[in-house]
Amino acid sequence: MLNKILVIAPHPDDETIGCGGTLLKHSDNKDDIYYLLITKAYKENGWKPKFILQKNQEIQKVEKVYKFKNSFKLNFPSTSLDTIPISEIIKKISGVISDVKPNIIYTTFNNDVHTDHQIVSKAVSSCLKWFRHPSIKKALMYETLSETNFNFQSNNFFIPNKFMDISKYLEKKIKIMKIYKTEIGKHPFPRSESVIRANAVLRGSQCGFKYAEAFQIIFEKE
């Protein structure tokens, strides 16, 4: 049976950093992949019009590469989710889940240092009750370089318990990430090609693959 995948990203590029190789692998397996982008950059929040235009163009290009079955955009203000009632965010996310009826969900780590990531993870968790969305069989949190790896609180570390072999897909993942010119930088900036590659090597060494992506399972139902 083919899978229906819903990848949830607080910001454009989170999906690629966190699970881009995995999404490409799902695509090769003929799974249907749906994209839910939570936030948007607005001039009113300090983003320059030129940046906003470039960002929107990047998003469109990336969507075409992944060949998403459908994309959903909630258009909440970026970096300002803490100003929105979380019940409103939950309602919007739940609505998308109802439309898609995915059996696998990928979302951000609940202890990322970015407040938007924390809120999205919390909102998604509120949608995972089996009697609300029985289609969901598996939910996983991905790691986001510059957010997950800057959590220095020892009791809140990202502890992966699921690995995906992306040896065949790392180069294309990096190529997609380079579309996000507004986000990628040079080493030692964490969202850089060298760091993305190094993290794939590290995660691969933990599970016996050349390159891998790591996840923390929220729940899994067989």
Side-chain angles (χ1 to χ4, degrees), residues 2-37 58-59 61-69 102-114 117 121 138-152 157-218 220:
L2 299 180
N3 291 305
K4 292 179 77 174
I5 312 298
L6 178 62
V7 57
I8 302 173
H11 316 103
D13 84 339
D14 291 333
E15 81 295 323
T16 298
I17 295 172
C19 55
T22 298
L23 296 179
L24 293 169
K25 191 169 189 173
H26 278 299
S27 182
D28 259 9
N29 292 337
K30 308 302 181 185
D31 294 332
D32 290 336
I33 308 171
Y34 297 81
Y35 180 45
L36 173 55
L37 178 58
E58 291 169 358
I59 293 168
K61 289 178 182 177
V62 168
E63 287 175 330
K64 288 180 181 178
V65 175
Y66 281 120
K67 300 178 181 177
F68 294 128
K69 185 82 171 179
N103 62 306
I104 300 176
I105 284 181
Y106 294 101
T107 189
T108 47
F109 179 53
N110 59 315
N111 288 317
D112 281 355
V113 294
H114 200 308
H117 287 222
S121 186
K138 187 188 302 184
L140 308 98
M141 295 183 289
Y142 54 79
E143 58 181 337
T144 311
L145 294 169
S146 79
E147 307 302 344
T148 311
N149 58 321
F150 275 81
N151 180 351
F152 300 125
F157 285 151
F158 178 80
I159 303 175
N161 52 13
K162 177 77 173 181
F163 296 88
M164 188 71 73
D165 178 9
I166 63 162
S167 302
K168 185 178 173 182
Y169 305 100
L170 178 63
E171 299 307 323
K172 189 170 183 179
K173 168 179 174 166
I174 291 172
K175 187 175 181 180
I176 294 171
M177 189 60 203
K178 286 181 178 179
I179 296 173
Y180 287 117
K181 296 185 186 299
T182 56
E183 301 295 339
I184 199 165
K186 294 182 179 180
H187 184 79
F189 186 64
R191 294 196 302 276
S192 63
E193 177 179 349
S194 58
V195 178
I196 292 170
R197 191 179 297 278
N199 195 54
V201 171
L202 171 65
R203 294 312 188 189
S205 73
Q206 291 177 301
C207 57
F209 298 123
K210 186 176 182 180
Y211 303 120
E213 287 174 339
F215 302 90
Q216 191 167 313
I217 298 172
I218 302 173
E220 187 170 15

CD of E183 to OG1 of T16: how many Å apart, nearest 0.5 Å? 10.5 Å
Evaluation steps, side-chain contact (heavy atoms from CB on, under 4.5 Å), between T144 and D13: CA-CA 9 Å; T144 311; D13 84 339; 5.7 Å; no
Any heavy-atom pair between the side chains of R203 and P160 that's under 4.5 Å? yes
So do I218 and T107 actually touch side chain to side chain, heavy atoms under 4.5 Å? yes
Nearest 0.5 Å, please: how far is CD1 in I17 from CG in L145? 6.0 Å
CD1-NZ distance between I33 and K67, expressed to the nearest 0.5 angstrom: 10.5 Å
What distance do E213 atom CD and L170 atom CG have between them, rounded to the nearest 0.5 Å? 8.5 Å
With heavy-atom distances below 4.5 Å as the criterion, would you say the side chains of K138 and N103 are in contact? no
Member of N199, N151, T148 meeting the side chain to side chain donor-acceptor pair (under 3.5 Å) criterion with E143: N199
Could you tell me which residues satisfy side-chain contact (heavy atoms from CB on, under 4.5 Å) with K178, sequence neighbours excluded, listed by chain and number? I174, I184, E193
Partners passing side-chain contact (heavy atoms from CB on, under 4.5 Å) against K181 (at least two apart in sequence or in another chain): Q54, E58
side-chain contact (heavy atoms from CB on, under 4.5 Å) involving F150 - partner list, sequence neighbours excluded: V113, F152, P190
How far does CG of D14 sit from CD1 of I8, to the nearest 0.5 angstrom? 12.0 Å
A side-chain contact here means heavy atoms from C-beta on lying under 4.5 Å apart; do L2 and D32 qualify? no
Any donor-acceptor pair under 3.5 Å linking the side-chain atoms of H117 with those of T108? no
May I have all residue pairs that pass salt bridge (charged side-chain N to carboxylate O under 4.0 Å, His left out) and include part of residues 157-172, sequence neighbours excluded? D28-K168, E171-R197
In Å, rounded to the nearest 0.5 Å, how long is the span from CE of M164 to CG of L23? 9.5 Å
D31 (side chain) donor-acceptor with N3 (main chain) under 3.5 angstrom: yes
Scan residues 17-36 for pairs that pass ring-ring contact (aromatic ring centres under 6.0 Å, His included), counting only residues two or more places apart or in two chains. H26-Y106, Y35-F68
Taking the side chain as every heavy atom from C-beta outward, state whether V7 and C19 have any atom pair closer than 4.5 Å. yes
Say whether, by atom type as modelled, one donor and one acceptor occur between the side chain of Q216 and the main chain of M141 under 3.5 angstrom. no
Is the closest side-chain heavy-atom distance between L24 and I176 below 4.5 Å? yes
Would you mind reporting whether Y180 and R191 have side-chain heavy atoms less than 4.5 Å apart? no
Taking side-chain contact (heavy atoms from CB on, under 4.5 Å) as the definition, give me every residue that meets it alongside V201, ordered by chain and number, with sequence neighbours left out. Y211
For G18 and Y142 the tightest heavy-atom approach is CA-CD1, 3.5 Å
